Amino acid sequence: MRIAVFGATGRTGTPLVEQALSAGHSITALVRNPSKMPLQHPHLKLVQGDVMDSANVESTIAGTEAVISVLGHTKNSPNNLQAAATQAIIANMKKHGIKRLVSLTGAGVADPKDEPKLWNHVI
């Protein structure tokens, strides 16, 4: 299967891409910085760009059969990152007739390296 992945260089995305490649899938991943992708594989294609740019999202989705989003916020992410990115992803999926979407977020999932904030306690 040809899969588009968003968030491929993150703590969840990299192992996800590695597992998908090991299972025989072809991956097209939108990445801001290709040097952050530790994996190299003949069936891994990196598209350099920004998930907030619909044209970059479309370039990543075109020619795939399914989409996986494991996007997460960073210090410099826009507040509406996940909402805006998901809107662009879904719009481009419709444009290309793709009906399979898996979306995962780590919001509220503790990591030993995280500094707990009030929001973490609320969740």
Side-chain angles (χ1 to χ4, degrees):
M1 179 174 279
R2 296 178 316 269
I3 304 170
V5 176
F6 297 92
T9 59
R11 292 185 300 204
T12 303
T14 300
L16 171 97
V17 169
E18 186 172 31
Q19 288 178 16
L21 291 167
S22 293
H25 300 292
S26 295
I27 304 297
T28 302
L30 179 62
V31 296
R32 284 178 298 197
N33 184 351
S35 67
K36 288 189 175 182
M37 173 53 78
L39 307 173
Q40 291 184 347
H41 192 281
H43 295 138
L44 174 60
K45 175 185 172 189
L46 301 180
V47 175
Q48 185 172 3
D50 189 326
V51 73
M52 299 296 280
D53 182 327
S54 187
N56 294 164
V57 172
E58 182 173 7
S59 295
T60 305
I61 288 175
T64 64
E65 301 166 277
V67 175
I68 300 175
S69 173
V70 289
L71 292 169
H73 283 276
T74 63
K75 290 180 188 176
N76 300 321
S77 297
N79 290 337
N80 67 337
L81 172 78
Q82 288 176 294
T86 302
Q87 287 176 337
I89 289 168
I90 291 172
N92 282 291
M93 287 176 66
K94 287 179 180 178
K95 187 174 182 179
H96 289 274
I98 301 165
K99 298 181 186 228
R100 295 180 182 122
L101 171 63
V102 175
S103 181
L104 173 73
T105 182
V109 178
D111 182 287
K113 295 177 256 173
D114 289 341
E115 293 274 332
K117 305 217 175 6
L118 175 62
W119 182 247
N120 299 97
H121 297 292
V122 170
I123 291 177

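Because the structure is a prediction, the values reported are computed rather than measured.
A 6.0 Å sphere centred on CG of Asn33 holds more than 12 heavy atoms belonging to other residues, nucleotides or ligands.
Shown here for Leu44 and Leu39, the closest heavy-atom pair between the two residues is CD2-O, 3.6 Å. Of all non-hydrogen atoms in Thr60 and Ala29, the two that sit nearest each other are CG2-C, 4.2 Å. Contact between Ser59 and Val47 at its shortest, heavy atoms only, is CB-CG1, 4.3 Å. Of all the heavy atoms in Pro78 and Met52, the pair that sits closest is CG-CE, 4.0 Å. Between Met37 and Leu46, the closest heavy-atom pair is CB-CD1, 3.9 Å. Closest heavy-atom contact between Ile27 and Ala20: CD1-CB, 3.6 Å.
The CG atom of Asn56 lies 12.0 Å from the CZ atom of Arg32; values are rounded to the nearest 0.5 Å. Here the CD atom belonging to Glu58 is positioned 12.5 Å from the CG atom belonging to Leu30, to the nearest 0.5 angstrom. Atoms CD and CD1, on Gln82 and Ile89 in that order, are 10.0 Å from each other to the nearest 0.5 Å. Once rounded to the nearest 0.5 Å, the distance linking OG1 of Thr64 with CZ of Arg100 reads 10.5 Å. Note that the NE2 atom of His41 and the OG atom of Ser26 stand 8.5 Å from one another [nearest 0.5 Å]. The distance from atom CG of Leu101 to atom OG of Ser69, rounded to the nearest 0.5 Å, is 7.0 Å.
Between Ile61 and Met93, the closest side-chain pair of non-hydrogen atoms falls below 4.5 Å. The closest side-chain heavy-atom distance from Gln19 to His25 is not below 4.5 Å. Contact check for Val51 versus Val57: side-chain heavy atoms found under the 4.5 Å cut-off.
Looking at Thr14, its side chain does come within 3.5 Å of a backbone N or O of Ala8 through a donor-acceptor pair. A distance-only check finds no donor-acceptor pair linking the side chain of His96 to the backbone of Ile98 [under 3.5 Å]. Listed for the Thr86 side chain is no donor-acceptor partner under 3.5 Å among the backbone atoms of Ala83.
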